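First up is the structure itself, then whatever we jot down about it.
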Protein chains: 2
Amino acid sequence: MLDDSSPSGTRADLIAAGLHLFGHDGFAATSTRALAARAGTNVASIAYHFGGKDGLRMACAEEVLRRITAVAGAPAEPPQMPPDEALGWLDTMLRALVGFLTQAPQAADIVGFMLREMAEDGPGLALIYESFFRHKHRELCRLIAMVTGGDPDSQSIRLLAFSLMGQAIYFRIGQPIVCRRMEWPQYGEAESRAIADRLSANLHAILRAEK
Amino acid sequence: MLDDSSPSGTRADLIAAGLHLFGHDGFAATSTRALAARAGTNVASIAYHFGGKDGLRMACAEEVLRRITAVAGAPAEPPQMPPDEALGWLDTMLRALVGFLTQAPQAADIVGFMLREMAEDGPGLALIYESFFRHKHRELCRLIAMVTGGDPDSQSIRLLAFSLMGQAIYFRIGQPIVCRRMEWPQYGEAESRAIADRLSANLHAILRAEK
DNA sequence: CTAATTCAATCAAACGATTGATTGAATTTC
DNA sequence: GAAATTCAATCAATCGTTTGATTGAATTAG
């Protein structure tokens, strides 16, 4: 089995198939034959490249991590800044998150796979959490603390950061329900902006009260 | 196949097994033999009582609907009331929701099954949504409108209601991640209250800004 | 009342189909 | 031509479902 260096055609195709099918149907409900068919290759290729179905799952998680860091940027320590500027930064991040979750057709498989892994508490979740999520959440806490003037490591702010992100993530997880109730056929550009505006208003209201 | 009248032992045991295993492992990953073993009966009982695995899934959804309406009460039209009282009502509902999602050991299987069905957009979701969720969300919108004085049917308030509920639901879906970051072994009484307090503060801040 | 019959319910066993994995030969790549 | 890769074919195991037999409690018949 190779590691990750060579982006062979078959290898990349299998990962793409995994991201789509694992996210769309779930890990258990996705057969190796369905994966191979979608990748346009033979079932034996899965064992050859990844050692097996589980190996492909982890390779998909690594691919998610790779792409997500490429988009969201490597987690960095945000520089000290005035409250208004930090708030603007948070607003930008929140809107980017909503856009990433609800639109971005090329990111649909990524998001789907990630949410599946989260719902199933799968092995890929641990990797993504430790390598990305953990630091991003800490970064969020620091920005919030710059706005409210609180302690970035306090339980209160850590929960606040989760509740802000959670709103956005829920709108993706609960998409079937939201669309039915809002009488939207699906999430389009206008719908995505309506959600972002709503959550942005929430962000400002919450942080203003927290000051 | 019976309908629902007789709460036969085997029938009830199979539904209990379904609620637990479907929610815990997912529908596809749960075998009929595992279901029968947990229910202490024979695999053939599934086909006999429910017509098959899919039938058991729907019976579980009906059971969820039955229990959830028994707890949350049938969706009713909230009477007109002053803003402060409506806000208090919303606060109580939010705290009850958090408590139901994060604690309530007897409700763990119910919540798990429901969230699974939501994540998989399963056939049980449509039933629960149409029979309960839809009306409950409308009830929520009316209460919010009483606080802010806006139109309960406006897109803005409908999205607001989703963002309030979504916060609570996310804390349950993202439990593995939240617990890791908060360094909590699991959700206990203190943790549940910390989350409820956080979301209650968000509720007040958002509705105050919305007035 | 007793015997014959029907019925819902459960069981062990087996069905064909599908699962993930493996094999060794064929093919491609360099 | 040697290594890397893909292929068809096959493996044992498990999948959801079905079968025919069996049980004990109702129901019916005489």
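In what follows, chains carry the letters A, B, and so on, assigned in the order in which the sequence lines appear, proteins first and then strands, with residues in each chain numbered from 1. Fair warning: this is a prediction, and the values are worked out from it, not measured in the lab.
In this structure, the CZ atom of B/R11 is 15 Å from the P atom of C/dA8, given to the nearest Å. B/F50 places its CZ atom 14 Å from the C1' atom of C/dT10, with the value rounded to the nearest Å. For the pair A/I46 CD1 and D/dT6 P, the computed distance is 12 Å after rounding to whole Å.
For A/R33, the salt bridge (charged side-chain N to carboxylate O under 4.0 Å, His left out) test picks out no residue, with sequence neighbours left out. Partners of A/L97 under the side chain to side chain contact (heavy atoms under 4.5 Å, CB included) rule, at least two apart in sequence or in another chain, are A/L101, A/A168. By the ring pair (Phe, Tyr, Trp, His ring centres under 6.0 Å) test, A/F27 pairs with A/F22, sequence neighbours left out. Under the ring pair (Phe, Tyr, Trp, His ring centres under 6.0 Å) criterion, B/H20 pairs with B/H24, sequence neighbours left out. Under the side chain to side chain contact (heavy atoms under 4.5 Å, CB included) criterion, A/T92 pairs with no residue at all, not counting sequence neighbours.
Screening residues 95-131 of chain A for ring-ring contact (aromatic ring centres under 6.0 Å, His included) gives no qualifying pairs among residues at least two apart or on separate chains. Applying the salt bridge (Lys or Arg N to Asp or Glu O under 4.0 Å) definition to pairs two or more places apart or across chains, those involving residues 39-57 of chain A are A/R57-A/E117, A/R57-A/E120.
Remark: the backbone N or O of B/I128 is not paired with any side-chain donor or acceptor of B/S131 at under 3.5 angstrom.
A heavy-atom distance below 4.0 Å to DNA chain C is reached by none of the residues of residues 15-24 of chain A.
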So which protein nitrogen or oxygen atoms get under 3.5 Å of nucleotides 14-16 of chain D's nitrogens or oxygens?
residue : atom : partner : partner atom : Å
D/dG16  : OP1  : B/T30   : O            : 3.1
D/dG16  : OP1  : B/K53   : NZ           : 2.6
D/dG16  : OP2  : B/T32   : N            : 2.7
D/dG16  : OP2  : B/T32   : OG1          : 3.2
D/dG16  : N7   : B/R33   : NH1          : 2.7
D/dG16  : O6   : B/R33   : NH2          : 2.7

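Under 4.0 Å is where a charged nitrogen must lie from a carboxylate oxygen, and between A/E139 and A/R142 no such pair does.
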Name each donor-acceptor pair under 3.5 Å that joins a side chain in residues 178-187 of chain B to protein atoms two or more places apart or in another chain, with its distance.
residue : atom : partner : partner atom : Å
B/R181  : NE   : A/H137  : ND1          : 2.8
B/Y187  : OH   : B/F171  : O            : 2.6

Which donor-acceptor pairs under 3.5 Å do side chains of residues 195-206 of chain B form with protein atoms, sequence neighbours excluded?
residue : atom : partner : partner atom : Å
B/D197  : OD1  : B/R95   : NH1          : 2.9
B/D197  : OD1  : B/R95   : NH2          : 3.2
B/R198  : NE   : B/N202  : OD1          : 3.2
B/R198  : NH2  : A/E210  : OE1          : 3.1
B/R198  : NH2  : B/N202  : OD1          : 2.9
B/S200  : OG   : B/D91   : OD1          : 2.4
B/S200  : OG   : B/R95   : NH2          : 3.4
B/N202  : ND2  : A/S163  : OG           : 3.1
B/N202  : ND2  : B/Q167  : OE1          : 2.7
B/H204  : ND1  : B/S200  : O            : 2.8

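Residue A/T41 places at least one side-chain N or O under 4.0 Å from the OP1 or OP2 atom of D/dC7. Under 4.0 angstrom from either OP1 or OP2 of C/dT10 there lies at least one side-chain N or O belonging to B/H49.
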Original post:
When every nucleotide of nucleotides 18-26 of chain D is labelled 5' to 3' by its protein contacts under 4.0 Å (heavy atoms), B for base, S for sugar-phosphate only, - for none, what sequence of letters results?
Top reply: BB-------
